[in-house]
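The structure appears below as structure tokens.
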Amino acid sequence: MAPTELDERDFANLRRHMVESQLRRRGIGDARVLQAMEKVPRHRFVGETVRWAAYDDEPLPIGLGQTISQPYVVARMTELLELNRETRVLEVGTGSGYQAAILAEIAAEVWTIERHQVLAERARELLAALGYTNVHVVRGDGTLGLPEHAPYDAIIVTAAAPQVPAPLREQLAEGGRLVIPVGDEFSQLLRVVVRRGDVFPERDVLGVRFVPLVGEQGYPPRGET
Ligand code: SAM
């Protein structure tokens, strides 16, 4: 069958297979994360030309030089946030909106911030069309966080930062968790930071590769808008 002829049933089968082979088999154990990954139609978050590859074990382009992350990385980062039905989450780097949809399946409320207007609008429309009423897409510089809705029980950054932006640390609730890739443009380590009063213990858990976090507390823009 030509990839363009895939229908919703085919996508559901590919999604089940992705959860089994890429997530469960590699140690993702949080049932809420696995359920969310099995439910959210990842193929709706990518363009038609790459839709057939939506459930492959890799990141995909979403325009403006940006990407939707590999399913395993989405699942692992979500698991590290230790979400529950009461959690209020901030995501920095909306991109396609896929990670926001996964968060919205598990948490109470999700704020997600994107620096590119086009991506923010597209994600807002798609998330609304899919029926998500607990996700709020904001356009702006996420390296400054979103102080008007802080504190957050969980913060996830889906772009590579040179260091942990201080505003994000400050906007964590007591006991809150921040998951962020830290490193240079070629490779980063996924860092988990926890707030214990004024102390922020942290650990690095996984090597990853993300597009850069561009902003006041991130990398400078490189000849783009
Ligand atoms: N989470 C996304 C998804 O599910 O599709 C993938 C995110 S993509 C790897 C990184 C995103 O971060 C890009 O859309 C990029 O424009 C955005 N970004 C980079 N710097 C940012 C900043 N300072 N504030 C907000 N978004 C930023």
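All ligand and atom numbering here is 1-based and tracks the order in the structure. Residues take their numbers from the sequence shown, with the count starting at 1. This is a predicted model, so every value here is computed, not measured.
- In this structure, E216 places its CD atom where only 12 or fewer heavy-atom neighbours from other residues, nucleotides or ligands lie under 6.0 Å away.
- The shortest distance between side-chain heavy atoms of E105 and Q35 does not fall below 4.5 Å.
- Under a hydrophobic-cluster definition in which Ile, Leu, Val, Met, Phe, Trp and Tyr are linked whenever side-chain heavy atoms come within less than 4.5 Å, directly or via other members, V73 and L83 are assigned to the same cluster.
- Residue V74 does not touch ligand 1, judged by heavy-atom distances below 4.0 Å.
- Closest to atom 7 (C) of ligand 1 by heavy atom, among T158, L103, I102, is T158.
- No more than 12 heavy atoms of other residues, nucleotides or ligands lie within 6.0 Å of NE2 in H17, so this atom counts as exposed by the packing criterion.
- In this model, a donor atom of one side chain and an acceptor atom of the other lie less than 3.5 Å apart for E8 and H43.
- Of all the atoms in ligand 1, the ones that sit under 4.0 Å from a non-hydrogen atom of I68 are 5 (O).
- Exactly one of I180, L206, V179 qualifies for a side chain to side chain contact (heavy atoms under 4.5 Å, CB included) with R191. That residue is I180.
- Counting atoms of ligand 1 from 1 in the listed order, those under 4.0 Å from a heavy atom of T143 are 23 (N).
- A donor-acceptor contact closer than 3.5 angstrom is absent between the side chains of E82 and T87.
- Every heavy atom of T112 sits 4.0 Å or more from the atoms of ligand 1.
- Of all atoms in ligand 1, listed by their number and element, those nearer than 4.0 Å to a heavy atom of Y98 are 4 (O).
- Among protein heavy atoms, the minimum distance from atom 24 (N) of ligand 1 is reached at G142 N, 2.8 Å.
- Nearest non-hydrogen protein atom to atom 23 (N) of ligand 1 is V214 O, 2.7 Å.
- The nearest non-hydrogen atom to atom 16 (O) of ligand 1, considering only R115, R139, E216, E114, comes from E114.
- The hydrophobic clustering, which links ILVMFWY residues whose side-chain heavy atoms are closer than 4.5 Å, places F45 and L103 together.
- If you look at H116 next to ligand 1, the close heavy atoms, those under 4.0 Å, all belong to the side chain.
- Donor-acceptor pairing under 3.5 Å is lacking for the side chains of Y98 and R42.
- With respect to atom 5 (O) of ligand 1, the closest heavy atom belonging to the protein is S96 OG, 2.6 Å.
- Counting atoms of ligand 1 from 1 in the listed order, those under 4.0 Å from a heavy atom of T94 are 1 (N), 2 (C), 3 (C), 4 (O), 5 (O).
- Which of E91, M77, Q66, Q99 comes nearest to atom 4 (O) of ligand 1 through a heavy atom is settled by distance: it is Q99.
- Within a 6.0 Å radius of CZ in R139, more than 12 heavy atoms belonging to other residues, nucleotides or ligands are found.
- Residue contacts with ligand 1, taken as heavy atom pairs separated by less than 4.0 Å, do not involve A100 at all.
- Close approach to G140 involves these atoms of ligand 1, each under 4.0 Å from a residue heavy atom: 24 (N), 25 (C).
- Hydrophobic cluster membership is shared by Y72 and L190, with clusters built from Ile, Leu, Val, Met, Phe, Trp and Tyr side chains linked at under 4.5 angstrom.
- Looking from atom 12 (O) of ligand 1 to the surrounding protein, the closest heavy atom is G93 CA, 3.2 Å.
- Under a 4.0 Å heavy-atom criterion, A123 is not in contact with ligand 1.
- There is a path of hydrophobic side-chain contacts, each under 4.5 Å, that joins L127 to V74.
- Residue contacts with ligand 1 for I113 involve N, CA, C or O but no side-chain atom from C-beta outward (heavy atoms, distance under 4.0 Å).
- Taking every heavy atom of L119 and a limit of under 4.0 angstrom, the matching atoms of ligand 1 come to 14 (O).
- Regarding atom 8 (S) of ligand 1, its nearest protein heavy-atom neighbour is T67 O, 3.1 Å.
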